[in-house]
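These notes are about the structure you will find just below.
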Amino acid sequence: MPKFELAQVNIATMKFPLDSPAMAEFVASLDPINALAEGSSGFVWRLKDDGGNATGYRPLGANVLFNMSVWLDVASLRDYAFWSAHGEVMRRRREWFEPMTAANAALWWIDRGHRPTIAEAIERLEHLRASGPSPGAFTFRRAYPAPDAGAVRTIGFDDACPTT
């Protein structure tokens, strides 16, 4: 069993108050999309408030939504985020959220069983913004393997077969 799991945080600055008619379709999607996450292969945990989602957590300001979850690996999270119905909601994000000028999501490896705190997630997002992708905080585009993944060896077409 792997020693590490993948944590992720993402934030979004709302264009309108969450209870406004302009946000109604987004709000209506929360429960089904959260249920989809929880039923997805590789899902481990997500941050929840008393309402069952994370909209009550506003550590970065009243108009900034904060979301955090834990997954088995990058591939599981990528499949959910981009190739499930969640991807359809993401494609509509410009209707509800301001464009971000800095990184709005960070990924990092945690010990299996650890549940990251909000402060930890903010620290990772700030690290990514300040230093760019690194093993301590990275993106889908520049993902790093889990610390226990070992070295990855690439093989060229003319290389000898590594199994002989």
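What's counted below: heavy atoms across the whole structure, side chains too, no hydrogens, waters or symmetry copies. These numbers come from a predicted model, not from an experiment.
Pairing each heavy atom of Met23 with each of Leu18, the nearest pair is CB-O, 3.5 Å. Minimum interatomic distance between Tyr144 and Pro133 (heavy atoms only, all atoms of both residues): OH-O, 3.5 Å. Looking at every heavy atom in both residues, Asp49 comes nearest to Gly56 through OD2-N, 2.5 Å. Listed here is the closest heavy atom pair of Asn67 and Gln8: ND2-NE2, 3.5 Å. In terms of heavy atoms, Ile110 sits closest to Pro116 at CD1-CD, 4.0 Å. Across Gly52 and Asn34, no two heavy atoms sit closer than the pair O-ND2, 4.1 Å.
The shortest distance between side-chain heavy atoms of Arg78 and Asp73 does not fall below 4.5 Å. Contact of the Thr13 side chain with the Met100 side chain is registered, since non-hydrogen atoms from C-beta on lie closer than 4.5 Å. Here the side chains of Glu38 and Arg46 are in contact, with some heavy-atom distance below 4.5 Å. Under the 4.5 Å side-chain criterion, counting only non-hydrogen atoms from C-beta, Val70 is not in contact with Leu6. In this structure, Leu107 and Thr139 have side chains that are not in contact, with every pair of non-hydrogen atoms separated by 4.5 Å or more. The closest side-chain heavy-atom distance from Lys48 to Asn53 is not below 4.5 Å.
Judged by distance alone, the side chains of Asp79 and Ser76 never bring a donor and an acceptor atom under 3.5 Å apart. Side-chain contact, Ser134 with His127: a donor N or O sits under 3.5 Å from an acceptor N or O.
Under the 3.5 Å distance criterion, the side-chain polar atoms of Ser131 are left unmatched by any main-chain donor or acceptor of Leu128. The main-chain N or O of Gly136 is found under 3.5 Å from a side-chain atom of Arg124 such that the two form a donor-acceptor pair.
In this structure, the separation between CH2 on Trp109 and NE2 on His114 is 14.0 Å, given to the nearest 0.5 Å. Expressed to the nearest 0.5 Å, how far OG of Ser29 lies from NE2 of His86 amounts to 8.5 Å. Between the CZ atom of Phe16 and the CD atom of Glu95 there is a distance of 9.5 Å, given to the nearest 0.5 Å. Interatomic distance, CG of Leu125 versus CG of Leu60, reported as 7.5 Å (0.5 Å rounding). Rounding to the nearest 0.5 angstrom, the gap separating the CG atom in Leu77 from the CD atom in Glu5 is 12.5 Å. Distance check, rounded to the nearest 0.5 Å: CG of Asn104 to CG of Leu65 gives 11.5 Å.
Tyr57 meets the ring pair (Phe, Tyr, Trp, His ring centres under 6.0 Å) test with no other residue; sequence neighbours excluded. Shown here are the ring pair (Phe, Tyr, Trp, His ring centres under 6.0 Å) partners of Phe26, two or more places apart in sequence or in another chain: Trp96, Phe97.
Using a 4.0 Å cut-off between charged nitrogen and carboxylate oxygen, Arg93 and Glu98 do not count as a salt-bridge pair. The existence of a salt bridge linking Glu25 and Arg92 is confirmed by a sub-4.0 Å separation between a basic side-chain nitrogen and an acidic carboxylate oxygen. A salt bridge does not link Arg115 to Glu120: none of the charged nitrogens lies less than 4.0 Å from a carboxylate oxygen.
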*Carefully, step by step, assess Ile118 and Met68 under the rule side-chain contact (heavy atoms from CB on, under 4.5 Å).*
CA-CA 8 Å; Ile118 290 172; Met68 184 169 49; 4.3 Å; yes
*Begin with the C-alpha distance, continue with both residues' side-chain angles, and end with the deciding distance and a verdict on side-chain contact (heavy atoms from CB on, under 4.5 Å) for Trp108 and Val9.*
CA-CA 9 Å; Trp108 71 99; Val9 61; 3.8 Å; yes
*Decide salt bridge (Lys or Arg N to Asp or Glu O under 4.0 Å) for Glu126 and Arg129; before the verdict, give the C-alpha distance in whole Å, the side-chain angles of both, and the deciding distance to 0.1 Å.*
CA-CA 5 Å; Glu126 289 174 351; Arg129 288 175 168 183; over 6 Å; no
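In the hydrophobic clustering of ILVMFWY residues, with side-chain heavy atoms under 4.5 Å counting as a link, Trp45 and Phe66 come out together. A chain of hydrophobic side-chain contacts below 4.5 Å, direct or via other Ile, Leu, Val, Met, Phe, Trp or Tyr residues, connects Met90 to Phe43. Under a hydrophobic-cluster definition in which Ile, Leu, Val, Met, Phe, Trp and Tyr are linked whenever side-chain heavy atoms come within less than 4.5 Å, directly or via other members, Phe4 and Phe140 are assigned to the same cluster. When hydrophobic clusters are built by joining Ile, Leu, Val, Met, Phe, Trp and Tyr residues whose side-chain heavy atoms come closer than 4.5 Å, directly or via intermediates, Leu47 is grouped together with Leu72.
Residues Trp71 and Tyr80 place their aromatic rings such that the two centres sit under 6.0 Å apart.
The environment of Arg91 atom CZ is dense: over 12 non-hydrogen atoms of other residues, nucleotides or ligands sit within 6.0 angstrom. Heavy-atom contacts from other residues, nucleotides or ligands closer than 6.0 Å to NZ of Lys15 number more than 12.
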